[in-house]
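These notes are about the structure you will find just below.
Side chains included, hydrogens not; waters and symmetry mates left out as well; all remaining heavy atoms used.
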Amino acid sequence: MATTEHPPPSRLRTWMLEGLADMGKAGGHTGPHAQPEPPHKGQRWWRVMCLTGVDYFSTLGYQPGIAALAAGLLSPIATIVLVIVTLAGALPVYRRVAEESPHGEGSIAMLERLLTFWKGKLFVLTLLGFAATDFLITITLSAADASTHLVENPHLTSTLHDKQMLITLVLVALLGAVFLKGFLEAIGVAVALVAAYLALNVVVVIVGVWHVATAGHVITDWSSALTAEHGNVFAMVGVALLVFPKLALGLSGFETGVAVMPHVRGDEGDTEEDPRGRIRDTKKLLTAAALIMSVFLIATSFITTLLIPEKEFESGGQANGRALAYLAHEYLGGAFGTVYDVSTIAILWFAGASAMAGLLNLMPRYLPRYGMAPHWARAVRPMVIVFTLVGFLVTWIFDADVDAQGGAYATGVLVLMSSAAIAVTIAARRAQQRGWTIGFAVVSAVLLYVTVANVVERPDGVKIGACFIAGIILISLLSRLARAFELRVTSVTLDDMAERFVRDMASRKMRFIANEPDQRDKAEYRDKIEQIRADNDMPEQEDFVFVEVTVTDPSEFEASLTVRGEVLHNRYRVLTLESSSVPNALAALLLHVRDSTSCTPHMYFEWTEGNPFANFLRFLLFGQGEVAPVTREVLREAEPDRGRRPRVHTG
């Protein structure tokens, strides 16, 4: 690789790029210019659960109200259906995702392995668009809901009634500031918030259940009204299934649970290739979060439906979007209610932390590897700033309105969950696990039904998701175009025969011939040498080594390079390489040879026939095309010093 001197970076640049890729990698090289990072030590699973739990558990702030509006008196039964889908469907799916993809890529990586070439990249970019929709809307929606709780507090309504947009922007900015400070601080804040919020909810649930139990007529009135409205149990279950898609926000949290897997500590003996402890503890994380949330969902939907008048759930009502806060004020007094409001506001604000962690883990794993993001996209702090600014834009577009963002949020969650269910179904089928295959297929069908039903009812979610997808694909392709001539080989390794060829040539002029392999017979190599000598007016005694590159998947951006040497027809020495790009592989080989021998290598090409623009597109999309000038341009960018740059000859 080229070793060019650069001026020392500024303190700001050093701070911004500190811990490069520590959210996306666990050691090893992260690109052609990056230094290896030490492995991330990780946190205990229950602490990481609190980070994902600020998203999952915070839905208690609005889920009971959503259920009451959607299902009315059937809210507890509809919530039980949601819990069944959670424990029997979503939980087994994501436990399998954790096992199949233990490095935080989630179901996206599982599906990526099924497709190659550009169709695979575009498919992943589409899923990343929905992931961005899910995670970014989580940040903005939660901040907007937190500001709603603050504005609607009885003690603050008159002061803050027209300040919701400003409050939401401040909350998004504060979330970004926490991640600029450091990831460990984010986990510490999450643990404190989750512990306080769940403890306060336990108090509200106990008091609510006590009031329901002591006022016997409440249960009687509810059951009588339910029977009068729906007739029998089967009708109730049928209606609950129909309204179930409207409760889909209660399924959020699983995708972030696997996205932050790299931060689960696991066992001392864990390796990146076999992280058994991390997988086991992530399954504990997912199971514990699902069980805790299931208990709270059933209990809170029961007490809110029985204790809160129906009109209070509607828009403008005191329980709209804050049903449990309403009960806290109603039955535990203003002081406790205010403390509960503060806790709810804090956890809703910080619910974006798990989404931010998911974004910082997912995006650096894919976009830079595809060449579809700048190198700095692997660093945490620049990405935090980018996501925070996007959060400002989304908040402004939706005017900090929670309801307006709900469709996009549900769409992102459900698309990712459906893709996860399909991915594990395919994985189980490939493993010839018939029972699991059937079970996961049923879950896939249920989640697809919920997704389609949600899209039909709230098509704005797909529209917003499409905007994110279009933005990601456009920016990614422009970035790939801008980085077209970047040296993107992470390492070069020569086998013994190739090393022998290089050492032998180091004692004289090092001359390589770039050859596109065809029949690989004696005549091909003899004619190629004669052509090169004639084109460059060279004497016959000059010695050459052929270099042949086979293009593998041209849509890949970065890869290591293995060079193998062989002697063909007892005369011609040939170095063979496999790479996603012919010019990049040749440039990397020349730089490696220069650095290992301290000699300047020469490589000889023939001009490629055809239109230059068409050849450039062939290079960009298929890794071939106008090889000679592109190789020279890659060398020029990698080595600015002309005196040290390997020589390129074209005839």
Side-chain angles (χ1 to χ4, degrees), residues 44-68 75-76 79-80 82-83 86-87 91 142 145-146 149-150 153 187-215 218-219 222 247 249-253 257 284-308 313 318-319 321-351 353-354:
R44 298 291 297 276
W45 68 266
W46 57 269
R47 288 176 61 84
V48 181
M49 183 194 74
C50 290
L51 181 63
T52 63
V54 288
D55 174 20
Y56 196 20
F57 300 145
S58 69
T59 57
L60 289 172
Y62 48 82
Q63 182 68 20
I66 290 175
S75 174
T79 301
I80 290 173
L82 174 67
V83 167
T86 298
L87 298 180
L91 179 59
S142 299
D145 201 28
H149 276 73
L150 186 62
N153 182 278
I187 288 185
V189 173
V191 171
L193 289 179
V194 167
Y197 184 67
L198 291 183
L200 291 171
N201 272 288
V202 168
V203 174
V204 173
V205 168
I206 291 174
V207 171
V209 170
W210 183 81
H211 276 279
V212 169
T214 54
V218 173
I219 297 178
W222 172 68
L247 278 63
L249 291 182
L251 292 168
S252 66
K284 291 180 183 177
L285 179 160
L286 295 169
T287 304
L291 290 174
I292 292 170
M293 190 62 176
S294 296
V295 171
F296 274 109
L297 282 174
I298 294 173
T300 55
S301 68
F302 183 71
I303 61 174
T304 52
T305 302
L306 269 65
L307 295 177
I308 299 177
F313 288 111
Q318 296 182 44
R322 55 192 304 273
L324 292 176
Y326 176 91
L327 291 181
H329 281 276
E330 184 74 17
Y331 292 106
L332 290 161
F336 183 90
T338 299
V339 172
Y340 185 87
D341 278 339
V342 170
S343 175
T344 305
I345 291 165
I347 197 168
L348 282 168
W349 159 64
F350 210 64
S354 60

Worksheet, complete the sentence: On a heavy-atom basis, the closest approach of Ser75 and Ser301 is OG-CB, 3.8 Å
Worksheet entry | Stepwise side-chain contact (heavy atoms from CB on, under 4.5 Å) check, Phe296 with Val202 | CA-CA 8 Å; Phe296 274 109; Val202 168; 3.7 Å; yes
Worksheet item: Which atoms form the tightest heavy-atom contact between Gly208 and Leu307, and what is the distance?
Response: O-CD1, 3.6 Å
Worksheet item: Atom OG1 of Thr305 and atom CZ of Phe302: how far apart are they, to the nearest 0.5 Å?
Response: 9.0 Å
Practice prompt. State which residues pass side chain to side chain contact (heavy atoms under 4.5 Å, CB included) with Ala192; sequence neighbours excluded, sorted by chain then number.
Written response: none
Worksheet entry | Heavy-atom closest pair, residues Phe57 and Ala289 | CE2-O, 3.7 Å
Worksheet item: What are the two closest non-hydrogen atoms of Trp222 and Pro76, and how far apart are they?
Response: CZ2-CG, 3.9 Å
Worksheet item: So, the side chain of Thr52 versus the backbone of Met49: is there a donor-acceptor pair under 3.5 Å, distance only?
Response: yes
Worksheet item: Taking the side chain as C-beta and beyond, is there a heavy-atom pair between Leu51 and Val194 under 4.5 Å?
Response: no
Discussion item. Less than 4.5 Å apart, side chain to side chain, heavy atoms only: is that true for Asp341 and Arg322?
Written reply: yes
Worksheet item: For Leu306 and Val212, which heavy atoms make the closest approach, and how far apart are they?
Response: CD2-CG1, 3.8 Å
Worksheet item: What residues, two or more places apart in sequence or in another chain, satisfy side chain to side chain contact (heavy atoms under 4.5 Å, CB included) together with Trp210?
Response: Thr214
Worksheet item: Are the side chains of Leu297 and Leu60 in touch, meaning some heavy atoms are under 4.5 Å apart?
Response: yes
Worksheet, complete the sentence: In this structure, CH2 of Trp45 is separated from OG1 of Thr287 (nearest 0.5 Å) by 8.5 Å
Practice prompt. Mind checking the CZ-SG spacing from Phe350 to Cys50? Nearest 0.5 Å is all I need.
Written response: 11.0 Å
Worksheet entry | Test side chain to side chain donor-acceptor pair (under 3.5 Å) applied to Tyr340 - qualifying residues, sequence neighbours left out | Asn201
Item to complete: Output all residues satisfying ring pair (Phe, Tyr, Trp, His ring centres under 6.0 Å) with Tyr331, sequence neighbours left out; order by chain, then residue number.
Response: His211
Worksheet item: For Ala323, what residues pass the side chain to side chain contact (heavy atoms under 4.5 Å, CB included) criterion, not counting sequence neighbours?
Response: Pro64, Thr304, Ile308, Phe313
Worksheet, complete the sentence: Rounded to the nearest 0.5 angstrom, the OG-CG distance for Ser343 and Leu198 is 8.5 Å
Worksheet entry | Pairwise distance CG(Leu82) to CD1(Ile298) - rounded to 0.5 angstrom | 9.0 Å
Item to complete: Report the C-alpha distance between Leu87 and Leu291 in whole Å, list the side-chain angles of each, state the deciding distance to 0.1 Å, and finish with yes or no for side-chain contact (heavy atoms from CB on, under 4.5 Å).
Response: CA-CA 8 Å; Leu87 298 180; Leu291 290 174; 4.1 Å; yes
Worksheet item: At what distance, to the nearest 0.5 angstrom, does OG of Ser294 lie from CG of Leu91?
Response: 8.5 Å
Worksheet item: Is there a side-chain contact between Tyr197 and Val54 (heavy atoms, below 4.5 Å)?
Response: no
Response to the item:
Applying side chain to side chain contact (heavy atoms under 4.5 Å, CB included) to Ser58 and not counting sequence neighbours gives Ile347, Leu348, Ala351
